[in-house]
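Accompanying notes for the structure given below.
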Protein chains: 2
Amino acid sequence: MPRRSRDRDGATPAESDTAAGREQTRRRVIEAAIDLLEREGRDAVTTRAVAVAAGLQPPAIYRLFGDKDGLLDAVAEHGFAAFIAAKHVDPDPQDPIEDLRAGWDLAVEFGLTNPALYTLMYSEPTRATSAAFKAGMEILMGRVRRLAAGGWLRVDEEFAAVIIHATGRGAVLTWLSLPEDRRDPALLTTLRETMIAAVTDRQPAVQEAGPAGAARALRAALPEQTTLSDAERHLLREWLDRLAADG
Amino acid sequence: MPRRSRDRDGATPAESDTAAGREQTRRRVIEAAIDLLEREGRDAVTTRAVAVAAGLQPPAIYRLFGDKDGLLDAVAEHGFAAFIAAKHVDPDPQDPIEDLRAGWDLAVEFGLTNPALYTLMYSEPTRATSAAFKAGMEILMGRVRRLAAGGWLRVDEEFAAVIIHATGRGAVLTWLSLPEDRRDPALLTTLRETMIAAVTDRQPAVQEAGPAGAARALRAALPEQTTLSDAERHLLREWLDRLAADG
DNA sequence: CGTGGCATGTATCAAGGATACAAGGCATCT
DNA sequence: AGATGCCTTGTATCCTTGATACATGCCACG
């Protein structure tokens, strides 16, 4: 609700000045909040800390955003919009499936590079009504619509959108939960291709069965056997790790 | 760290009494907290409210759980354990893939019937260190190990576990974000089957269970690969012969 | 120059996490 | 038995933080 210092007519110079100033203050506050969020974590984002960082008094936050939730919504929206704006999206892609891949990757990348922001937007189910959340869904629906138009979808549009969203969300949150040394990029591509297979007609190439599967089976069954000595088993395990990883 | 009123010997009656009493108080507090959580939401779970509901003073919470986070961890663990205990899990399933389906469904069901608890456990990535989180992972790893032993896994065990976890997490959180009228159960089964396809092979890599069967399968698949040196392969072959003969 | 409306700034409230400190009970030791 | 010391219980209180009431003062308008 922008305030009005006049009842009618256009904006006076002063009015547009203050309106623009207000908008600029909003930006400054939001950016201060994002900075705090990514640098010191969610709990550091208190109305006071944000106010100080933006150089104004605590009550100003409430005048600009209503309440803290309003601030957080604005933060999510701004952060998301900034990320999307930085990556220019192809408005008319040649290959809609490749476009879907790119979009999924983009969404995941957003989560991985802005973990605190992503968590803010997607961790609690109740935040699904926020503007940023909806904006993401809108972009996704556009992609899905193009897929549908090209006849690539094997499921309903809405259904596809939810599947895509769910795999991405699971991928990001799970990735962020993993300790650094267990973060295998292949996880993301696997989940992505899994999603592609679920939503489109294109089936992934069936990888022929090498020794990896049998190696994994033997590795899992290894503790039960008594034929080999400890040392032998130790070395065998190492080889099996290599064979399993090779597939 | 349970307190000790004696240096040696077993527990005196009084000691076991107070220890048991303490344990019982803990339970009462946890159950009060779960009740508050599911009935009035996450924000209603204040140390004061929980204390009042359990009939004691606020500081008692800190003596029992250290801090609020400790309380929430205990709540998550208790809630999760109670759910798992209510569903008895087949310790030796016939069909490990069907078992994986059942396990995934169980995890998702937990999320859908205990949304507040689930959100508590799985919303913030930083909570991956909690006991309840780890307990869930343990159960999952057991299932994955059986799949591996049966030769069904098409990817590494850890890899599979993460994929399974991620799809389940995405499924639950997305489901909870959807308005009621858009919650299609087919979403869950689709995501589940997608996950199954990503993680398992249609044909198991081994014919017979146990180390011997796996060894035979690996021996059959071995000649073509180049991951191991000649000498390593030679020795491996000998061990596989012994393992195969052992069954 | 007076007046009214709106933004700014100060002071404060209320809720909640956390803790200090005193009071009391119980077992051990002499 | 009485003294002693530790551990538990209970009370009061602190500090942060979200939120708001109220006064002050600026500025345009008449």
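Computed over heavy atoms, backbone and side chain alike; hydrogens, waters and symmetry mates excluded.
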Can you give each donor-acceptor pair under 3.5 Å made by side-chain atoms of residues 27-37 of chain A, sequence neighbours left out, with the distance rounded to 0.1 Å?
from	atom 1	to	atom 2	distance (Å)
A:Arg27	NH2	A:Glu31	OE2	3.2
A:Arg28	NE	A:Ala54	O	3.2
A:Arg28	NH2	A:Ala54	O	2.8
A:Asp35	OD1	A:Arg39	NH1	3.4
A:Asp35	OD2	A:Arg39	NH1	2.4

Solution key, residues 73-91 of chain B side-chain donor-acceptor pairs under 3.5 Å, sequence neighbours excluded:
from	atom 1	to	atom 2	distance (Å)
B:Asp73	OD1	B:Arg127	NH2	3.2
B:Lys87	NZ	B:Glu109	OE2	3.0
B:Asp90	OD1	B:Asp92	N	3.0

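Spacing between atom CD1 of A:Ile61 and atom P of D:dT17 amounts to 14 Å, rounded to whole angstrom units. One interatomic measurement links the two molecules: CG of A:Leu71 to P of D:dT17, which rounds to 14 Å at whole-angstrom precision. Rounded to an integer number of Å, the gap from B:Leu64 CG to D:dG10 P is 12 Å. Per the geometry, CG belonging to A:Leu56 stands 11 Å off C1' belonging to C:dT8, to the nearest Å. Rounded to whole Å, atom P of D:dT9 lies 10 Å from atom CD of B:Gln57.
The salt bridge (Lys or Arg N to Asp or Glu O under 4.0 Å) search around A:Asp156 returns none, not counting sequence neighbours. Taking A:Asp241 as the reference, A:Arg219 meet the salt bridge (Lys or Arg N to Asp or Glu O under 4.0 Å) condition, with sequence neighbours excluded. With sequence neighbours excluded, no residue satisfies salt bridge (Lys or Arg N to Asp or Glu O under 4.0 Å) with A:Asp67.
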Any N/O pairs under 3.5 Å between the protein and nucleotides 14-18 of chain C? List them or say none.
from	atom 1	to	atom 2	distance (Å)
C:dG16	N9	B:Arg48	NH1	3.4
C:dG17	OP1	B:Lys68	NZ	2.8
C:dG17	OP2	B:Thr47	N	2.6
C:dG17	OP2	B:Thr47	OG1	2.7
C:dG17	N7	B:Arg48	NH1	2.6
C:dG17	O6	B:Arg48	NH2	2.8
C:dA18	OP2	B:Tyr62	OH	3.2
C:dA18	OP2	B:Lys68	N	3.0

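Counting only distance, with no hydrogens or angles, the side chain of A:Arg192 and the backbone of A:Trp104 share no donor-acceptor pair below 3.5 Å.
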